[in-house]
Amino acid sequence: MPKLAQALSCFLPQFKRRNALSNQQSKVLGSILACRTSALGIGLHRVCDCGHELIAYNSCRDRHCPLCEGRATRRWQATQCANLLPVPYHHCVFTIPDALGTLVRYNEELLYDQLFKVSAGCLASFFQNDRRFRGQGAFMGILHTWGQRLQFHPHVHYLVACAALRRDHTLAVSDGYLFDVKALSRVFRGRYLDAIEQLLQQSRLTFPPGWSRRSVCASLQQASRRNWCVYTKRPVCDPAKLVEYIGRYARKVAVSESRIDSFDSSSITYRWKDYRDGLTKRAVVSASSFVRLFVQHILPFGFKRIRYFGFWRPGGLKRAREAMAVRGEKMRRCVETLLAAAEQLILSVGEPIWHCPRCGQLLQRLDLAPLPAPNTS
């Protein structure tokens with residue numbers, strides 16, 4: 001059993017005695033605990049003509065499981081690399097301040113959705129109003145809800161193309177500078193606070209225990225006094241590397257198997273990176289604290305973590321490539337090189353090739369019905 005599943009199975013009983021889990025959280029934790037065990041069934045594979053057989057445990061395929069969806073993530077990364085245009089890109093991050101953390105925790109689906117809508121709306125309006133662009137931008141966002149120490153830190157990573165598709169079907173490309181960060185931060189702060197006030201007036205917010213309308217207004221007032229920082233910077237690495245970075249947890253949750261060092265019945269030790277000094281450090285937390293840190297990053301059922309805006313869609317990207325084709329043969333060759341690299345990535349994530357441990361021949365999958373799960377009652 002994987003280390004995370006072992007730790008959760010050890011910690012959950014004592015956590016449940018003091019805390020309640022939602023239906024979604026219970027379902028996700030149950031899937032992670034059952035992943036690649038006999039509880040989900042067993043597949044039997046005959047790997048070669050000599051009759052050698054292998055038993056493979058089924059996966060849960062939950063998007064929060066650190067063991068699953070690795071191949072799907074690589075396919076997604078390859079698809080996004082195929083969508084890249086030969087233009088400069090920026091990495092933008094919109095973060096919800098800590099002053100609103102408690103309110104967001106009790107209204108996750110509403111306020112995560114508003115985070116996407118407001119941040120994307122800010123970028124779209126800046127593209128329309130900037131005289132260098134005056135058109136429709138292209139950007140893709142991924143929601144992360146954690147920091148390196150697993151603390152609650154909701155933010156959206158955007159990969160933004162420094163280009164805009166205009167109404168006359170021409171493509172305006174910037175030299176690499178995007179927008180004024182201070183202006184973008186002020187607009188984001190005002191629009192997001194206005195969105196929460198509208199939800200409050202519509203009585204759509206769920207108040208945390210002990211809160212009232214006055215408490216929400218005080219929290220909004222406190223957040224309005226602070227400077228909100230929108231991070232935006234042209235990455236020093238290749239855009240394809242940035243896609244790999246921000247999509248690393250596209251179908252997984254905050255902590256991976258490799259970061260867990262050890263655990264016992266009362267505590268767990270995991271590694272985290274301190275971006276202030278660039279050093280990798282170790283954190284030791286109690287069993288109940290680790291479960292609490294983990295479950296707070298389980299998303300609401302059906303919530304879309306990855307979203308696309310502007311012309312970052314098949315039809316829009318096709319029009320953008322046609323507009324770039326008239327800019328010269330060099331641009332066309334760059335596009336073809338990107339597409340060829342993406343095709344190679346897609347081919348590289350196919351079914352792995354294995355050899356029989358008995359005779360060395362290539363594996364051949366035998367289509368057999370899964371073995372029934374054992375009756376533990």
Side-chain angles (χ1 to χ4, degrees), residues 1-15 19 21 25 28-37 59-74 76-77 91 93 95-98 101 105 142-157 159 229 231 233 235-238 240-299 305-306:
M1 183 182 290
K3 288 186 290 185
L4 178 61
Q6 292 180 31
L8 290 175
S9 63
C10 179
F11 298 161
L12 269 180
Q14 50 184 309
F15 181 81
N19 304 271
L21 295 172
Q25 291 171 344
V28 170
L29 292 177
S31 298
I32 293 175
L33 292 177
C35 184
R36 301 189 185 183
T37 67
S59 301
C60 66
R61 296 294 181 92
D62 192 281
R63 63 175 173 171
H64 300 90
C65 179
L67 293 178
C68 292
E69 300 298 312
R71 189 175 303 164
T73 300
R74 292 191 295 272
W76 177 85
Q77 291 171 345
H91 179 204
V93 184
T95 305
I96 298 177
D98 295 337
R105 283 290 311 278
I142 300 180
L143 173 68
H144 288 182
T145 62
W146 58 84
Q148 275 288 307
R149 300 199 67 175
L150 305 186
Q151 75 274 21
F152 189 65
H153 182 60
H155 56 283
V156 177
H157 291 266
L159 181 61
C229 180
Y231 171 89
K233 185 179 181 181
V236 295
C237 61
D238 186 82
K241 293 291 184 182
L242 182 57
V243 170
E244 180 183 353
Y245 167 73
I246 65 176
R248 193 172 299 164
Y249 295 98
R251 287 176 170 82
K252 296 181 182 180
V253 79
V255 63
S256 60
E257 286 284 310
S258 59
R259 290 177 56 192
I260 299 177
D261 279 348
S262 61
F263 66 91
D264 53 33
S265 59
S266 60
S267 64
I268 186 171
T269 303
Y270 62 90
R271 295 190 300 275
W272 64 284
K273 183 176 181 180
D274 191 344
Y275 288 106
R276 291 173 295 184
D277 53 21
L279 298 178
T280 299
K281 303 178 181 180
R282 283 172 171 79
V284 181
V285 297
S286 64
S288 58
S289 296
F290 179 77
V291 177
R292 178 182 56 79
L293 289 171
F294 185 84
V295 300
Q296 69 181 349
H297 304 301
I298 295 177
L299 294 177
R305 174 184 286 172
I306 308 173

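Predicted, not measured: the structure shown is a model, and the values here were computed from it.
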_side-chain contact (heavy atoms from CB on, under 4.5 Å) between Leu150 and Trp272, intermediate numbers included_ = CA-CA 9 Å; Leu150 305 186; Trp272 64 284; over 6 Å; no
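Put simply, OG1 on Thr269 and CG on Asp264 are 7.5 Å apart, with the number rounded to the nearest 0.5 Å. Between the CZ atom in Arg292 and the NE2 atom in His297 there is a gap of 9.5 Å [rounded to 0.5 Å]. In this structure, CG in Asp98 is found 8.5 Å from CD in Gln151, a value given to the nearest 0.5 Å. Rounded to the nearest 0.5 Å, atoms CH2 (Trp146) and NE2 (His155) are 7.5 Å apart. Remark: Arg271 CZ to Ser258 OG distance equals 6.0 Å, nearest 0.5 Å. Between Gln25 atom CD and His64 atom NE2 the span is 9.5 Å, to the nearest 0.5 Å.
A 4.5 Å side-chain heavy-atom check between Phe263 and Phe11 finds at least one atom pair inside the cut-off. For the pair Tyr231 and Thr95, the minimum side-chain heavy-atom distance is 4.5 Å or more. Using a 4.5 Å cut-off on side-chain heavy atoms (C-beta onward), Asp274 and Gln148 make no contact. At least one side-chain heavy atom of Leu143 sits under 4.5 Å from a side-chain heavy atom of Leu299. The closest side-chain heavy-atom distance from Phe15 to Leu29 is not below 4.5 Å. In this structure, the side chains of Leu12 and Leu33 come closer than 4.5 Å at one or more pairs of heavy atoms. Put simply, the side chain of Ile268 does not reach to within 4.5 Å of the side chain of Phe294, judged on heavy atoms. Within the 4.5 Å cutoff, the side chain of Val93 has heavy atoms near those of the His91 side chain.
Between Cys10 and Ser265, the shortest heavy-atom distance links the atoms SG-CA, 3.7 Å. Nearest approach of Phe290 to Leu8, heavy atoms of both residues: CE2-CD2, 4.2 Å. The heavy-atom pair separating Cys60 from Ser31 by the smallest distance is CB-O, 3.4 Å. Between Gln296 and Leu293 the shortest heavy-atom distance is CG-O, 3.1 Å. For Ala283 against Arg149, the heavy-atom pair with the smallest separation is CB-NH2, 3.6 Å. When all heavy atoms of Pro13 and Ser9 are compared, the pair lying nearest together is CD-O, 3.4 Å.
In terms of modelled atom types and a separation under 3.5 Å, the side chain of His157 and the main chain of Ile142 share no donor-acceptor contact.
Within 6.0 Å of NZ on Lys233 lie no more than 12 heavy atoms contributed by other residues, nucleotides or ligands.
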